[in-house]
There are 2 protein chains.
Amino acid sequence: MPENNTIESTRKTMQANQLSLSVDCVIFGYGEEGLRILLLECSLPQYGGQWSLLGDFVQPDEDIDSAAHRVLHRYTGLNNVYLEQVMTFGHPDRHPLGRVVTTAYYSLIKRDEYNGRKAYDGFAVKWFPVHEVPQMAFDHMVILDSCVGKMRESLREHPIGFQLLPKQFTLTQLQTLYEVVLDINLDKRNFRRKLMSLNMLVPTGDIQKDVAHRPAGLYRFDYDEYQRKLSRGFRFEI
Amino acid sequence: MPENNTIESTRKTMQANQLSLSVDCVIFGYGEEGLRILLLECSLPQYGGQWSLLGDFVQPDEDIDSAAHRVLHRYTGLNNVYLEQVMTFGHPDRHPLGRVVTTAYYSLIKRDEYNGRKAYDGFAVKWFPVHEVPQMAFDHMVILDSCVGKMRESLREHPIGFQLLPKQFTLTQLQTLYEVVLDINLDKRNFRRKLMSLNMLVPTGDIQKDVAHRPAGLYRFDYDEYQRKLSRGFRFEI
DNA sequence: ACAAAAGTGTTCAGTTTACACCCATGG
DNA sequence: CCATGGGTGTAAACTGAACACTTTTGT
């Protein structure tokens, strides 16, 4: 498995092929400071000062999903994380060093489980707020935008948000998650009514500890019940 | 531009690369007989008697969207047709002759504008009803299923159905289109109310001719008005 | 006159939205 | 006793689904 992304290794990969395939991951991190995106300082001189998504070439005998997982693991230390393919970008001039077609993925992780380094091959890695993304190299801004859209759509239509909370969570934590990631405001009473009416949140019986106000009840998401409902034609929707 | 898909040309393309990229198109044809899919008899001996989607390798300096349009044109004679990327399939063993990653597209055309041949390179091309697809080579059944799903989703959320009707059409023709392609039944009154409430169907003033019953009024889809509404945040939905 | 498809309203149920106050706890 | 967030109900507006008869035309 490749373990660096220097210009030399890039050239070597490209020379072996008329056409190369890469994966690029938009990694969303959810935490105290809101929703951020993990970016890498671009190593190509023509994109000096700009940033890029985290990516690598797909190896000759590697599944593209596996390549995306490998990239995700390399930069975050995480395995078995939710990763979704978004779209493939294949304009002939999108990469200045040659023909590279790239398949975009996004992932949604908890910032506090992130276990990456500050730099790779001498190039910085940094979290940026979604509303303050820097200049992006290649066509990575377009890719980023399409991943933001797809991620928000999936968050509304699949129960992937629960992976960003502790096993036990309060309804306010859940609401805040949707508000932050979707960049919307929700009504507390309506939100609770809707979520509870799905019959997939079960009270654990526990309550918050050490908070300077009335402690909230804790819930867990009943994944088995969700699967059962799914097979009966149910569609999750926030 | 490549103009054949024989086994020899396939091998040649693959030998030049560790990894090849192809496009595969699911071509839906709408007409009198309902919704059909255009398939090609598979040329590989190990898939004898099976059928495959219409595809080709992406050329070194060709956009992937262009490759899909090229394939579509080759097999249907059509240009400037609606074509949508669905997903990229990259399992290492999906192609018996080597590593081929493929990007799937679907297109929706009018059967009566179809202008293809009966065979290409000695292999038959045939329309199959969506409910009677034959044995498919490679992973093409999986690809087909994902394209059917995506096409139906897009039909409901974008006004792509109007491309399958004459410029002027009756409301019944429109309703039948949605019923056939989505494989559902719709209530006539509710359907008309909903469509008319979008304020994007304008009566042309003309009526049907030469029908053995009360002639229906003809409408056209106001694409400009649709664009205007779009930019004001409107979302099309059937 | 008949056959065939066009055209047209109303009711009911369920869902979504808007909105404000009291409660429990820690400090 | 104060500050902080937790927790709760109701009314109005809107949306989606069900449902049947009259009209116009050609033969």
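This structure is a prediction, so every number in the text was calculated from the model and none was measured. In what follows, every chain begins at residue 1, and chains take the letters A, B, ... in the order their sequences are listed.
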Trainee: Looking for any heavy atom pair under 4.0 Å, which part of the strands does B:Thr170 touch: base, sugar-phosphate only, or nothing?
Mentor: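 It contacts nothing in the nucleic acid.
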Trainee: In terms of the nearest nucleotide of DNA chain D, which residue is placed more toward the 5' end: A:His213 or B:Arg193?
Mentor: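 By nearest-heavy-atom nucleotide position, the 5'-most residue is A:His213.
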Trainee: Between atom CZ in A:Arg156 and atom C1' in C:dT16, what is the gap in whole Å?
Mentor: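 The distance from CZ of A:Arg156 to C1' of C:dT16 comes to 13 Å, rounded to the nearest Å.
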Trainee: Which sits closer to the 5' end of DNA chain C, A:Val211 or B:Ala216, going by the nucleotide each is nearest to?
Mentor: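 It is B:Ala216, whose closest nucleotide lies nearer the 5' terminus.
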Trainee: More than 12 heavy atoms of other residues, nucleotides or ligands under 6.0 Å from CG of B:Asn79: is that the case?
Mentor: yes
Trainee: Measure from CZ on B:Arg189 to P on D:dT22 and round the result to the nearest Å.
Mentor: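 Rounded to whole Å, this separation is 12 Å.
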Trainee: List the steps, then state whether side-chain contact (heavy atoms from CB on, under 4.5 Å) holds for B:Leu155 with B:Tyr178.
Mentor: CA-CA 8 Å; B:Leu155 183 70; B:Tyr178 282 105; 3.7 Å; yes
Trainee: Please tell me which of A:Ala212 and B:Lys188 maps to the more 5' nucleotide of DNA chain C, matching each residue to the nucleotide holding its nearest heavy atom.
Mentor: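 Its nucleotide being nearer the 5' end, the pick is B:Lys188.
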Trainee: For the CZ atom on B:Phe236, are there more than 12 heavy atoms of other groups (residues, nucleotides or ligands in this structure) within a distance under 6.0 Å?
Mentor: yes
Trainee: Check the angle between the aromatic planes of B:Phe162 and B:Phe169 and answer parallel, tilted or perpendicular using the 30° and 60° thresholds.
Mentor: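 B:Phe162 vs B:Phe169 ring planes: tilted.
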Trainee: Taking atom C1' of C:dT25 as reference, at what distance in whole Å does atom NZ of A:Lys209 sit?
Mentor: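 About 12 Å, once rounded to whole Å.
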Trainee: Considering every strand and a 4.0 Å limit on heavy-atom distances, what is the contact class for B:Asp187: base, sugar-phosphate, or nothing?
Mentor: base
Trainee: Send over the distance from A:Ile238 CD1 to C:dT17 P, rounded to a whole Å.
Mentor: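 Going from A:Ile238 (CD1) to C:dT17 (P), I get 13 Å.
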Trainee: Ignoring hydrogens and angles, does a donor from either the side chain of B:Lys194 or the base of D:dG16 sit under 3.5 Å from an acceptor on the other?
Mentor: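 No, the side chain and the base share no sub-3.5 Å donor-acceptor pair.
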Trainee: Figure out the CD1/C1' separation between A:Ile207 and D:dG6, and round it to whole Å.
Mentor: 11 Å
Trainee: Taking the nucleotide of DNA chain D with the nearest heavy atom to each, does A:Tyr219 or B:Arg214 sit closer to the 5' end?
Mentor: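 Counting from the 5' end, the first nearest nucleotide belongs to A:Tyr219.
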Trainee: Between D:dT24 atom P and B:Asp210 atom CG, what is the distance in whole Å?
Mentor: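 Atom-to-atom, B:Asp210 to D:dT24, this comes out as 20 Å.
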Trainee: Quick one: is C:dA5 close enough that its OP1 or OP2 comes under 4.0 Å of any side-chain N or O from B:Thr172?
Mentor: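 Looking at the OP1 and OP2 atoms of C:dA5, neither is under 4.0 Å from any side-chain N or O of B:Thr172.
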Trainee: Hey, what's the ring geometry for A:Tyr223 with A:Tyr226, parallel, tilted or perpendicular (30° and 60° as the breaks)?
Mentor: tilted
Trainee: Can you tell me how far C1' of D:dC14 sits from CG of A:Asn190, to the nearest Å?
Mentor: 14 Å
Trainee: Give the rounded distance in Å between these two atoms: CZ of B:Phe191 and P of C:dA6.
Mentor: 12 Å
